[in-house]
Chemist: 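Sending over a structure as structure tokens; questions will come in a sec.
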Amino acid sequence: MALAHIGPVLAAALDPVPAVHRAPLTAVGAVLAESLVAAEAMPRGRVSAMDGYALAGSGPWRLTGSARRAGDDSAAVLDPGCAAPIATGALAPVGTERVLRHELVEVAPGTPALVTALPDAEGVDDLRPVGEDWPVGHALAPAGTVVDAALASAALSAGLPEVAVRGPVTATVVTTGDEVLPAHTPNPLPPGRIRDTVGPLLPAVLARAGFGAAPALPRAMEHCPDTAAAFSELLRRPRAAGEVLVLVGATGRGVADHLRPALEAVGARIVVNGVRVRPGVRRSSRRSPVAGCCWDCRAIRSPP
């Protein structure tokens with residue numbers, strides 16, 4: 001099978017991870033199971049985009065209103081021809097028709113002071129209307145979107161206490177081969193033994209691809225001895241929904257390769273039994289019904 005076909009084939013053969021509802025901040029790394037729809041407008045009220053002056057009617061304006069600060073939800077009214085200082089994010093007083101930032105006005109002292117718009121203020125309005133970013137019911141992201149920090153922030157801003165997501169899919173890396181020793185094994189190595197130079201790298205590679213670490217695994221990876229009993233125990237061990245088992249080695253048909261018989265014993269179905277790549281390697285993916293989990297078993301072996 002060509003490498004370009006692997007994704008569609010696996011997507012068609014594997015069942016989706018069950019959808020769950022999570023708070024936006026704990027959903028980072030997961031994938032939306034349904035569209036993310038705003039429950040609240042952004043902004044929810046008419047607010048100032050800049051530090052400046054709220055203005056009512058035509059200018060010049062008399063500076064008579066009380067200063068408005070962000071978080072102040074007290075009632076305030078601005079009469080025509082009047083101005084009031086306003087902070088970024090503050091609710092505009094009732095009657096406000098426009099907001100101008102400090103740099104675009106001139107304030108002449110007096111009782112009251114007089115606020116005049118500068119020539120550069122022509123066409124500028126720093127008053128944000130309700131729903132300027134999005135209205136209630138607006139779709140912020142479609143199903144299938146990966147929830148990152150920005151999207152989690154948007155969900156919170158949109159008044160969503162939880163979102164429907166799948167995953168993130170977790171991965172358990174398992175190396176095989178009795179000849180394989182830990183990567184940090186010091187010299188000299190026993191005859192016929194090699195250091196593991198693949199397994200320790202896979203957790204980081206999988207993390208970049210969006211996988212999380214399997215929650216029940218106390219370390220980044222584990223090793224399976226070359227025995228039929230060990231492979232049987234490995235495949236029959238209960239796994240969480242969405243946990244992917246990534247195996248290095250054991251996909252051949254040699255005297256020490258027990259993976260294929262063990263997979264057949266648990267009723268696994270071969271989805272991909274080889275990939276056309278250069279240099280030649282063996283890779284396979286299987287779907288196993290054990291514990292209701294979907295496992296992706298990939299083996300990499302040096303060409304003969």
Chemist: Donor-acceptor pairs are to be reported for all side-chain atoms of residues 138-152 against protein atoms at under 3.5 Å, with residues two or more places apart or in another chain.
Modeler:
residue : atom : partner : partner atom : Å
T145    : OG1  : P142    : O            : 2.8
D148    : OD1  : A150    : N            : 3.3
D148    : OD1  : L151    : N            : 2.8

Chemist: Does a side-chain heavy-atom distance below 4.5 Å link P203 with F211?
Modeler: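 The answer is no; the side chains never approach within 4.5 Å.
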Chemist: Remaining members of L78's ILVMFWY cluster at a side-chain heavy-atom cut-off under 4.5 Å?
Modeler: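 Joined to L78, directly or through intermediates: none.
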Chemist: Step by step, would you call T172 with T170 a side chain to side chain contact (heavy atoms under 4.5 Å, CB included)?
Modeler: CA-CA 7 Å; T172 299; T170 59; 6.0 Å; no
Chemist: Before giving the answer on side chain to side chain contact (heavy atoms under 4.5 Å, CB included), spell out for T176 and L259 the whole-Å C-alpha distance, their side-chain angles and the decisive distance to 0.1 Å.
Modeler: CA-CA 10 Å; T176 66; L259 177 60; over 6 Å; no
Chemist: Side-chain heavy atoms under 4.5 angstrom apart, residues restricted to Ile, Leu, Val, Met, Phe, Trp, Tyr: same cluster for V17 and V246?
Modeler: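 Hydrophobic grouping puts V17 with V246.
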Chemist: Report the residues that fulfil side-chain contact (heavy atoms from CB on, under 4.5 Å) with A33, sequence neighbours left out, ordered by chain and then residue number.
Modeler: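 Residues passing side-chain contact (heavy atoms from CB on, under 4.5 Å) with A33: A19, A164, R166.
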Chemist: Is there any salt bridge (charged side-chain N to carboxylate O under 4.0 Å, His left out) pair reaching into residues 25-41, and which pairs are they, with sequence neighbours excluded?
Modeler: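 Listed once each, the pairs are E40-R44.
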Chemist: Between L63 and P112, which heavy-atom pair has the shortest distance, and what is it?
Modeler: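 So the two residues come closest at O-CB, 3.8 Å.
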Chemist: Taking C82's backbone N and O only, do any of them form a donor-acceptor pair with D79's side chain (distance below 3.5 Å, no angle check)?
Modeler: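 Judged by distance alone, no pair lies under 3.5 Å.
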Chemist: For residues L91 and R69, determine if any side-chain heavy atom of one lies less than 4.5 Å from a side-chain heavy atom of the other.
Modeler: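 Of all side-chain heavy-atom pairs linking R69 with L91, none is under 4.5 Å.
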Chemist: Taking C-beta and beyond as the side chain, do V31 and V165 meet within less than 4.5 Å on heavy atoms?
Modeler: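 SC-SC contact between V31 and V165 ruled out.
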Chemist: Which ILVMFWY residues can you reach from I194 by hopping between side chains whose heavy atoms are under 4.5 Å apart?
Modeler: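 In the cluster with I194 are V180.
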Chemist: Can you name the closest pair of heavy atoms from S48 and A87 and give their distance?
Modeler: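 Heavy atoms only, the tightest pair is CB-O, 3.6 Å.
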Chemist: Of the non-hydrogen atoms in L118 and E103, which two are nearest, and what is the gap between them?
Modeler: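 That closest heavy-atom pairing would be CD1-O, 3.5 Å.
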Chemist: If hydrophobic clusters are built by linking Ile, Leu, Val, Met, Phe, Trp and Tyr wherever their side-chain heavy atoms come under 4.5 Å apart, do V248 and L181 end up in the same one?
Modeler: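 In one cluster with V248: L181, no.
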Chemist: Determine which pairs satisfy side chain to side chain donor-acceptor pair (under 3.5 Å) with at least one residue from residues 57-66, sequence neighbours left out, and list them in order.
Modeler: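 Counting only pairs at least two positions apart or across chains, no side chain to side chain donor-acceptor pair (under 3.5 Å) contact touches residues 57-66.
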Chemist: Apply side chain to side chain contact (heavy atoms under 4.5 Å, CB included) to the pair M42 and V136, showing each step before the final yes or no.
Modeler: CA-CA 8 Å; M42 183 65 182; V136 173; over 6 Å; no
Chemist: Can you confirm whether P43 sits close enough to E132 that some side-chain heavy atom of one is under 4.5 Å from a side-chain heavy atom of the other?
Modeler: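 Of all side-chain heavy-atom pairs linking E132 with P43, at least one is under 4.5 Å.
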Chemist: For H5, which residues count as a ring-ring contact (aromatic ring centres under 6.0 Å, His included) partner, sequence neighbours excluded?
Modeler: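 Result, ring-ring contact (aromatic ring centres under 6.0 Å, His included) vs H5: none returned.
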Chemist: Determine, using the 4.5 Å side-chain heavy-atom cutoff (strictly less than), whether V99 and V115 are members of one ILVMFWY cluster.
Modeler: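 V99 does not cluster with V115.
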Chemist: Taking only residues two or more places apart in sequence or in another chain, which ones pass ring-ring contact (aromatic ring centres under 6.0 Å, His included) with Y53?
Modeler: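 Only H102 meet the ring-ring contact (aromatic ring centres under 6.0 Å, His included) criterion with Y53.
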Chemist: Run through the side-chain heavy atoms of Ile, Leu, Val, Met, Phe, Trp and Tyr, join any pair under 4.5 Å, and report what else lands in V94's cluster.
Modeler: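 Grouped by the 4.5 Å side-chain rule, V77 form the rest of the cluster around V94.
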Chemist: Side chains of L114 and V107: does their closest heavy-atom pair fall under 4.5 Å?
Modeler: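 Counting from C-beta outward, L114 and V107 never come under 4.5 Å.
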Chemist: Heavy-atom distance under 4.5 Å between the side chains of V163 and H21, does that happen here?
Modeler: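 Answer no - side chains too far apart.
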Chemist: Stepwise, does the side chain to side chain contact (heavy atoms under 4.5 Å, CB included) test hold for L206 with V173?
Modeler: CA-CA 9 Å; L206 291 167; V173 176; 3.6 Å; yes
Chemist: Would you call E222-R237 a salt bridge at under 4.0 Å N-O?
Modeler: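 Salt bridge present between E222 and R237.
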Chemist: Which residues pass the side chain to side chain donor-acceptor pair (under 3.5 Å) test with D51, not counting sequence neighbours?
Modeler: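 Counting only residues at least two positions away or on another chain, D51 forms a side chain to side chain donor-acceptor pair (under 3.5 Å) with T88.
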Chemist: Looking at D125 and L127, what are the two nearest heavy atoms and their distance?
Modeler: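 That would be OD1-N, 3.0 Å.
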Chemist: Verify the cluster assignment for V124 and M50: are they in a single hydrophobic cluster under the rule of side-chain heavy atoms below 4.5 Å apart?
Modeler: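 No, V124 and M50 fall in different hydrophobic clusters.
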Chemist: Salt-bridged, D126 to R98, with N to O below 4.0 Å?
Modeler: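 No, no charged N to carboxylate O under 4.0 Å.
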Chemist: Check whether any side-chain heavy atom of D178 sits under 4.5 Å from a side-chain heavy atom of P225, and report yes or no.
Modeler: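 Yes. Closest side-chain heavy atoms under 4.5 Å.
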Chemist: Under the side chain to side chain donor-acceptor pair (under 3.5 Å) test, which residues partner S74, sequence neighbours left out?
Modeler: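 If we apply the side chain to side chain donor-acceptor pair (under 3.5 Å) test to S74, skipping adjacent residues, the hits are R68, D72.
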Chemist: Mind checking side chain to side chain donor-acceptor pair (under 3.5 Å) for T175 and listing every partner two or more places apart, or none if nothing turns up?
Modeler: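 Only H223 meet the side chain to side chain donor-acceptor pair (under 3.5 Å) criterion with T175.
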Chemist: Is there side-chain contact between T96 and L55, with heavy atoms separated by less than 4.5 Å?
Modeler: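 SC-SC contact between T96 and L55 ruled out.
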Chemist: I'd like to know if V47 and L100 are part of one continuous hydrophobic network [Ile/Leu/Val/Met/Phe/Trp/Tyr, side-chain heavy atoms within less than 4.5 Å].
Modeler: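 Cluster IDs for L100 and V47 differ.
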